[in-house]
Structure formats: structure tokens, C-alpha cells
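Data first, discussion second: the structure below is written as C-alpha cells.
Just so we're clear, the structure is a prediction, and the values are computed from it rather than from any experiment. By convention in this document, chain letters (A, B, ...) are assigned in the order of the sequence lines, proteins followed by strands, and residues within each chain are numbered from 1. Only this structure's heavy atoms are used, side chains among them; waters, hydrogens and symmetry mates stay out.
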Amino acid sequence: MSALRIATWNINSVRLRLPLLADLDAALRPDVLCLQETKCPDELFPHEGIRALGFEHVMARGMKGYNGVAVLSRIPFTARANDPDWCMKGDCRHVGVTLALPSGPLDLHNFYVPAGGDIPDREANPKFAHKLDLIAEATAWFAQQAPLRRSVLVGDLNIAPLEHDVWSHKQLLDVVSHTPIEVEALQGWMRAGDWHDALRHFVPAEQKLYTWWSYRAKDWEAADRGRRLDHVWVSQDLRGALARHEILKPARGWEKASDHVPVMVEMTL
DNA sequence: ATGGTTGTCGTACAA
């Protein structure tokens, strides 16, 4: 039995915030770190700086300017084969790997779900339609994979499903990220894979829990108008392995901070 | 009060 720490962070440019990875590493010491919004084509990915932090195993799936995901790991892994290209867009929103743990293989999915634009209407807003379509595809695909074993799904899912995943349930009901149609979609995805919400495993549903604070607030900390957009899900067989979690809120106050903070879950496997 | 900030790219667009 040993501890496995998996962290996830929407880094909002891996090149700009490469120095912050050292601070994250010092704070959380993750064995595996999943990044979203790397905004970096693969040929420009900062492999040297990341290797210097001790992440010897890296898989990046990036493109110019937008999106992009990566898995940084101290544990060897193989790329999962034959995972879908969601919505056939080639837009670098998912990477799947299989970690080679001493206790056996563990599947890890790193997702960056589309933010979905401003208008919560699939007819009026193609970005919202894309968000719902990607989730519908993922729902159908994970339903086919069931029953999932030794599986973890992390990422910026861009939906805050519970009432206390946002600063004001009432005021955000019409705001993309917390609309009933999105919440339904996310919950359907969770049910399809029989996923267990690892963050709410540790934090009661009645308690406010955020992982993102807008750049647009004058004082993000004083306003505290946050949302829980970043998630860690585990298959039911890993429920008993959940040992600890940390949401690195101080990271929101770092110099040149991302608007998302790193989230970590530790399991005993 | 329908604002506000950030990153990439290149002076627009996505978040």
C-alpha cells in the first residue's frame, strides 16, 4: 500500500506559468499532474523545465493558442489507445493514460470541457452546443466502458453542479457553468460511468467549495465569487482508497496566477 | 452598474 497523489490544474498557458509549477510541486508534491489550457503546440512544450521538476514521464496534446492538455508524471505510464477524438474536432481537450503502479494499472483521463460561451442556448450559441455535444459523447462512451475499474477522471469540466459549488445558486442559474441543462448533462456523465465525486467525498455538499475565481473581480478574495469548475472523479472500487484532498487556494494569490487553482486527491493503493 | 481581466496572436477571440 502506498500513497498516490493526483493533481489537476487549469494552468492557462504552460509556458507563461512554468515557474509556478515549482511552487505547486512544493505545496502538493503530486505523483501525477494533469494540466489543462496549456495553450502550447507540442513542438514548443517546455519539456526541459518540467523534467527538471522530476516529472520524467510527459504526454502533451496541444495546439496553437487555445485548449491543450498534458499529463506530467513521476510514475511511468502508457498512452491509452483508441480513445475518441471528441466531436471529431481534434481540439486537444482530452488525454488518457494508464499508470503503471506497483499495485497494478490505473486508467487516468484528463479532460478540458469547453467553457461554452456566454449564451446558454445551443441554437443561438455554437460553443454551448459543442459543450453539450462533447459531454453527450463522453457520457455514451463511458457507459460503454462500464463497469469502470481502477479509473480516475480529472479536469476542468467547466460546470459547477451543486448549489454550493457556486457563490450564489440563484444568481447563477442562467449563467453558463451552472445552468440546469449543464448540471443535468454532467450528472448524466457521472451516472454513465458510475463515477464518485472525490472532492465532495471529503467536503459536505452544504459547504461552499470553489476552484476558480474570475480575473474580472477587483478583489477576488474579498468578493469570493467562486465556482467549482475543476473535478476529480474515481471509479467506485477506489472509493475506499480516498485518503486526503487539497484545494490550493493560495495559488489564486500567486504572482501571475491562473484563474483556476490546483486540486489534489491522495489515494492509498 | 450588463461592467470587469487575462493570454495568445497579432490588434480578434476565447475564457
Side-chain angles (χ1 to χ4, degrees), chain A residues 8-21 23-24 34-46 49-50 60-70 86-87 89-94 110-122 124-135 154-161 165-168 170-179 181-183 185-186 210-231 248-263:
Chain A
T8 177
W9 189 27
N10 179 321
I11 193 170
N12 188 14
S13 172
V14 68
R15 283 173 288 175
L16 188 72
R17 280 182 247 285
L18 182 63
L20 297 187
L21 284 177
D23 299 299
L24 183 159
C34 295
L35 300 176
Q36 305 86 36
E37 280 209 270
T38 54
K39 296 184 174 177
C40 181
D42 292 343
E43 62 271 21
L44 298 177
F45 198 83
I50 281 165
R61 184 169 287 167
M63 58 190 280
K64 198 168 92 169
Y66 305 109
N67 310 333
V69 287
W86 310 95
C87 300
K89 280 171 135 12
D91 61 354
C92 304
R93 294 181 178 276
H94 168 259
N110 175 16
F111 273 94
Y112 173 52
V113 171
D118 291 330
I119 304 162
D121 180 328
R122 70 151 57 243
N125 173 12
K127 287 184 280 194
F128 194 71
H130 178 207
K131 184 179 198 173
L132 296 179
D133 290 346
L134 185 148
I135 293 171
V154 306
D156 175 6
L157 305 185
N158 266 314
I159 296 174
D165 290 339
V166 294
W167 63 276
S168 169
K170 221 172 176 177
Q171 286 175 259
L172 287 170
L173 274 171
D174 295 330
V175 175
V176 172
S177 73
H178 192 61
T179 63
I181 186 169
E182 291 168 89
V183 170
L186 195 74
Y210 313 138
T211 64
W212 172 91
W213 291 262
S214 172
Y215 281 130
R216 297 177 190 176
K218 223 176 288 176
D219 182 338
W220 70 274
E221 198 166 21
D224 200 24
R225 294 185 167 191
R227 304 178 202 172
R228 182 169 73 112
L229 303 179
D230 302 276
H231 296 266
L248 197 63
K249 187 173 174 182
R252 186 61 182 79
W254 289 347
E255 280 294 316
K256 298 290 279 177
S258 168
D259 45 356
H260 295 253
V261 299
V263 169

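- Within 4.0 Å (heavy atoms only), K64(A) reaches sugar-phosphate atoms of the nucleic acid but no base atom.
- For DNA chain B, the neighbouring residues in residues 111-119 of chain A, judged by any heavy atom under 4.0 Å, are Y112(A), A115(A).
- With sequence neighbours left out, S168(A) forms a side chain to side chain donor-acceptor pair (under 3.5 Å) with Q171(A).
- For DNA chain B, the contact window with chain A, defined by any atom under 4.0 Å from a protein heavy atom, covers dG4(B) to dA15(B) in 5' to 3' order.
- The stretch residues 219-229 of chain A participates, sequence neighbours left out, in these side-chain hydrogen bond (donor to acceptor under 3.5 Å, both in side chains) pairs: D165(A)-R228(A), S177(A)-R227(A), D197(A)-R228(A), W213(A)-D224(A).
- Every salt bridge (charged side-chain N to carboxylate O under 4.0 Å, His left out) that D133(A) has, sequence neighbours left out, goes to R122(A).
- Among the atoms of the strands shown, only primed sugar atoms or phosphate atoms (P, OP1, OP2) are found under 4.0 Å from some heavy atom of R93(A).
- Between dC9(B) and dT5(B), the two P atoms lie 22 Å apart (nearest whole Å).
- Here D23(A) pairs with L20(A), W254(A) under the side-chain contact (heavy atoms from CB on, under 4.5 Å) rule; sequence neighbours left out.
- The separation of dT8(B) from dG3(B), taken at their P atoms, amounts to 26 Å, rounded to a whole angstrom.
- Heavy-atom distances under 4.0 Å link DNA chain B to K39(A) of residues 39-46 of chain A, given in residue order.
- Of the P atoms belonging to dG7(B) and dT2(B), the separation is 26 Å, rounded to the nearest Å.
- The residue among Y215(A) and T38(A) whose nearest nucleotide of DNA chain B is located toward the 5' end is Y215(A).
- Residues forming a side chain to side chain donor-acceptor pair (under 3.5 Å) with T38(A) (at least two apart in sequence, or on another chain): none.
- In this view, D118(A) satisfies the side-chain contact (heavy atoms from CB on, under 4.5 Å) rule with no residue, not counting sequence neighbours.
- Among the heavy atoms of the strands, none lies under 4.0 Å from R225(A).
- Other residues, nucleotides and ligands place no more than 12 heavy atoms under 6.0 Å from the CD atom of E255(A).
- With sequence neighbours left out, the side-chain contact (heavy atoms from CB on, under 4.5 Å) criterion links P126(A) to no other residue.
- Toward the 5' end of DNA chain B, the nearer of the two residues R15(A) and Y66(A), judged by each one's closest nucleotide, is R15(A).
- Atom name C1', nucleotides dT6(B) and dT11(B): the rounded distance is 16 Å, in whole Å.
- Note that CG of N110(A) is 12.5 Å distant from CZ of R93(A), once rounded to the nearest 0.5 Å.
- Every residue meeting the ring-ring contact (aromatic ring centres under 6.0 Å, His included) condition with F45(A), not counting sequence neighbours, appears here in chain and number order: H47(A).
- Scanning for side-chain contact (heavy atoms from CB on, under 4.5 Å) contacts around L18(A) gives L21(A), P46(A), I50(A), with sequence neighbours left out.
- Rounded to whole Å, the separation between the C1' atoms of dA14(B) and dG4(B) comes to 16 Å.
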